[in-house]
Amino acid sequence: MVPSILVSKTGDMLVIGGSGGSLIISATAMAIINKLWLGYDLEHAIAAPIMHAEGDKIQFEKGFSEEVRSGLLRREHKEKKFMFAMNVVQGISKEGKCISAYSDIRKLGKSAGY
């Protein structure tokens, strides 16, 4: 599941986790990177295509950055094709008074609240 709770010094929070076998850590880590380092909103951070490395093979989800993909392949990484998406990430973020929730579209999920 990789349940993760990240709290900033200002009190902002990101609660995030995933499911999907060996892809859980890759998908959750990439969503965190997208949100915290690249500044994506929560929906786009989770919905963005992922990359997953296992052994000497790298899998790139359809729509993943072609620039990053070709750069890694030029460095002699081997590509393994995704048969289908198997990762699913759910997250809740709190920034100031704004709370956002997103459930991964790969599993046709939706967030709901009061």
Side-chain angles (χ1 to χ4, degrees):
M1 297 185 300
V2 189
S4 305
I5 300 172
L6 299 95
V7 182
S8 74
K9 291 179 182 179
T10 63
D12 290 348
M13 293 183 180
L14 177 60
V15 178
I16 195 164
S19 61
S22 63
L23 302 177
I24 296 170
I25 295 171
S26 298
T28 303
M30 290 200 73
I32 291 169
I33 290 167
N34 289 339
K35 175 76 176 123
L36 300 181
W37 294 356
L38 301 178
Y40 291 20
D41 64 28
L42 187 61
E43 175 183 349
H44 291 98
I46 291 173
I50 70 155
M51 170 189 82
H52 173 71
E54 197 167 318
D56 66 345
K57 305 275 191 294
I58 298 180
Q59 296 174 295
F60 301 95
E61 193 171 22
K62 183 179 177 182
F64 190 81
S65 167
E66 184 56 38
E67 180 181 1
V68 173
R69 180 186 163 277
S70 61
L72 288 168
L73 295 177
R74 277 194 308 271
R75 289 171 178 82
E76 300 186 21
H77 292 276
K78 296 174 181 75
E79 182 172 8
K80 180 180 176 185
K81 297 291 183 184
F82 263 113
M83 297 304 283
F84 47 88
M86 293 185 62
N87 60 291
V88 180
V89 176
Q90 320 305 326
I92 301 170
S93 69
K94 177 185 164 291
E95 298 175 56
K97 293 183 179 184
C98 182
I99 297 174
S100 301
Y102 189 73
S103 186
D104 205 322
I105 59 172
R106 291 172 182 94
K107 197 173 181 181
L108 303 175
K110 64 179 182 177
S111 53
Y114 300 87

**OP:** Side-chain contact test, heavy atoms from C-beta onward, threshold under 4.5 Å: evaluate it for I58 versus M51 and give yes or no.
**Re:** yes
**OP:** Look only at the side chain of S4 and the backbone of V2, and say whether a donor-acceptor pair between them is shorter than 3.5 Å.
**Re:** yes
Subject >> Salt-bridge contact E79-K81 (side-chain N to carboxylate O under 4.0 Å) >> reply: yes
Original post:
Does the side chain of I92 come within less than 4.5 Å of L14's, by heavy atoms?
Top reply: no
**OP:** Decide if atom NZ of K94 counts as having more than 12 heavy atoms of other residues, nucleotides or ligands within a radius under 6.0 Å.
**Re:** yes
**OP:** With the side chain counted from C-beta on, respond yes when F60 and I50 share a heavy-atom pair under 4.5 Å apart, and no when they do not.
**Re:** no
**OP:** Any chance you could measure D12, atom CG, to S93, atom OG, to the nearest 0.5 Å?
**Re:** 8.5 Å
**OP:** Hey, could you give me each pair passing ring pair (Phe, Tyr, Trp, His ring centres under 6.0 Å) that has a residue in residues 15-44? Not counting sequence neighbours.
**Re:** none
Original post:
If you round to the nearest 0.5 Å, how far is SG of C98 from CG of L42?
Top reply: 10.0 Å
Only distances under 3.5 Å count here; give the side-chain donor-acceptor pairs of residues 21-36 to other protein atoms, sequence neighbours excluded, each with its distance to 0.1 Å.
| residue | atom | partner | partner atom | Å |
| --- | --- | --- | --- | --- |
| S22 | OG | E54 | OE1 | 3.2 |
| S26 | OG | H52 | ND1 | 2.7 |
| T28 | OG1 | I24 | O | 2.9 |
| N34 | ND2 | M30 | O | 3.2 |
| N34 | ND2 | A45 | O | 3.1 |
| K35 | NZ | E95 | OE2 | 2.5 |

Subject >> Atom CD of E76 with >12 non-hydrogen neighbours under 6.0 angstrom >> reply: no
**OP:** List the atom of V7, the atom of M13, and the distance in Å for their closest heavy-atom pair.
**Re:** CG2-CG, 4.0 Å
Original post:
Sequence neighbours excluded, which residues qualify as salt bridge (charged side-chain N to carboxylate O under 4.0 Å, His left out) partners of K97?
Top reply: none
Subject >> Side chain to side chain, R74 and S70, heavy atoms closer than 4.5 Å >> reply: yes
Original post:
Are V15 and Y102 joined in one hydrophobic group, where the rule is that I, L, V, M, F, W and Y side chains link up if heavy atoms are under 4.5 Å apart?
Top reply: no
